[in-house]
Protein chains: 2
Amino acid sequence: MGREAEARRNDRRVLDAAREVFATQGFDAPVSAVAARAGVGMGSLYRRYGAKADLLRHLCQLAMEQAVEAAEEGLANADAWAGLAGYVRTCVAFGSGALAPLAGTIETTPEMWRTSRRSRRLLGRLVGRARRAGVLRPGVTALDVAWLVEQFGHRPPHSMTAEDENVRGRLVTIALDGLRSSPAPRLPGRPPSAEHYERRWAWHVG
Amino acid sequence: MGREAEARRNDRRVLDAAREVFATQGFDAPVSAVAARAGVGMGSLYRRYGAKADLLRHLCQLAMEQAVEAAEEGLANADAWAGLAGYVRTCVAFGSGALAPLAGTIETTPEMWRTSRRSRRLLGRLVGRARRAGVLRPGVTALDVAWLVEQFGHRPPHSMTAEDENVRGRLVTIALDGLRSSPAPRLPGRPPSAEHYERRWAWHVG
DNA sequence: TTCAAGCGGAGCGAATCGCTCCGATAGACT
DNA sequence: AGTCTATCGGAGCGATTCGCTCCGCTTGAA
């Protein structure tokens, strides 16, 4: 195997190892654990990613691209409900919300913001279509769905504002009504705000 | 204020501060942060709790007692569904599942095991009553409800076994059906096992 | 056979954390 | 009022951990 091929194989291994190590040990797991898991030396890892934050950013970017892909697949489904349900299942399955604890701990690149917004725009279309088809519970917004996805693969949030409580109250109602064998009433509280959803990712220096 | 009263006040302050600090910063937050938040010196904190693990164990114990109380309140409600729903809402509200990441990181005392089992027995009665009343979705077990509560106040799990996937698949279905304005089908997968539920808390030395 | 590009991992410096120890403080008792 | 002493607060110690660098070694190419 040539050096070039080995480099590509190493990059793949590092990415897989990073996903697994950070998912199981949390994001403050040592970089050496990632390198060991990948069967790669620290030197190779740090030549590819100049710092731990770079690796984490790349992981975020890949996860968001995966979410975009899931949304496009959902929209490709002719059945509006099956498309939305498939999106949620897919995102939860690959742990889309698992990177949420990183919010505010790493600097976000413009590319990350672009991908995030693209993902949310696609989800908006998915939800809007379901609403127009009449298969969606009244009052449910795209951000409700985004929060729901994120909640399923989440450690306790780093800050619990009144808006967070509002969001959680909605999710609890959803889960409760899913549990109950009866028709579903309208959701309580206010719809989540996009500003609140984004603000968590603002980087706090120092 | 007498020394005795000050000691009691300090104990309360430490507990409140610990809950807040660990909830917002995670369980590896420094003990000094708890002391600072409580407005108490390290000496006072460490005289009451000989080690950080002692403080965490006490926090677990209190949370489980709160869950027991919530279950008893639920059973006191004549309406079987309202009782169960109230239990879930209460547990999620005070972050009953927030201590789950501690599983396996601290030694569990016999008293903790007793309270845990008492809590689950009460939840079993709550769920059984709802089932007999016909207000509960078919196939839902007490542990389904326990997992659901825990999932809503959770960072990404430390280990993702096949059984974890099974559990998560159930929760996703519940949440999805809560989202959907249609009657709810039977839950997929197998019911969660009590052994799996408990095993996470086995202490791994070293 | 020689060269150098790329690899692995030992180890450094810094930062952090759990916990101890002791001077300061303020009720309790005479 | 004066003394005693139980309790308080927090500076600092020792140990651990982690991000990252640096260098000797491997291995494919010329």
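Reminder, nothing fancy here: chain letters follow the sequence lines and each chain counts from 1. What you see is a predicted model; the values in this text were computed from it and never measured.
Regarding A/R13, its CZ atom lies at a distance of 12 Å from the P atom of C/dC7, rounded to whole Å. Rounded to whole Å, atom P of C/dG18 lies 8 Å from atom CG of B/D28. Straight-line distance from the CZ atom of B/F22 to the C1' atom of C/dG18: 11 Å, rounded to whole Å. We find that CZ of B/R48 is positioned 16 Å from P of C/dT20, with the value rounded to whole Å. Rounded to whole Å, the distance from CZ on B/R9 to P on C/dG27 is 11 Å. Distance, A/L56 CG to D/dC18 P: 14 Å, rounded to whole Å. Here C/dA14 presents its P atom at 20 Å from NZ of A/K52, a figure rounded to the nearest Å. One atom, CG of A/N10, and another, C1' of C/dG6, lie 10 Å apart when rounded to the nearest Å.
When the side-chain nitrogen and oxygen atoms of B/R47 are compared with OP1 and OP2 of D/dT7, none of them lie within a distance under 4.0 Å. Proximity of B/S44 to the phosphate of D/dT7: no side-chain N or O atom is located under 4.0 Å from OP1 or OP2.
If you take CG on B/L102 and CZ on B/F27, they are separated by 4.0 Å, rounding to the nearest 0.5 Å.
Salt-bridge annotation for A/R118 and A/E111: absent, with no side-chain N of the basic residue lying under 4.0 Å from a carboxylate O of the acidic one. Checked for salt-bridge contact, A/R19 and A/D16 meet the test: a charged N lies under 4.0 Å from a carboxylate O.
Screening A/T108, A/L62, A/I106 for a side chain to side chain contact (heavy atoms under 4.5 Å, CB included) involving A/R57 leaves a single residue, A/I106.
For the pair B/M42 and A/A53, both in contact range of DNA chain D, the more 5′-proximal nearest nucleotide belongs to B/M42.
The side chain of B/P30 approaches C/dG18 more closely than any other nucleotide in the set D/dG10, D/dG19, C/dG18. Each of C/dG18, C/dG8, D/dT21 was ranked by its minimum atom distance to the side chain of A/Y46; first place goes to D/dT21.
Within the 4.0 angstrom heavy-atom criterion, no nucleotide atom of any strand lies near A/G50. No engagement by B/A38 is indicated, since no non-hydrogen atom pair under 4.0 Å with the nucleic acid exists. Here B/A35 lies out of heavy-atom contact (under 4.0 Å) with every strand.
The closest side-chain donor-acceptor pair between B/T115 and B/E65, if any, does not fall under 3.5 angstrom.
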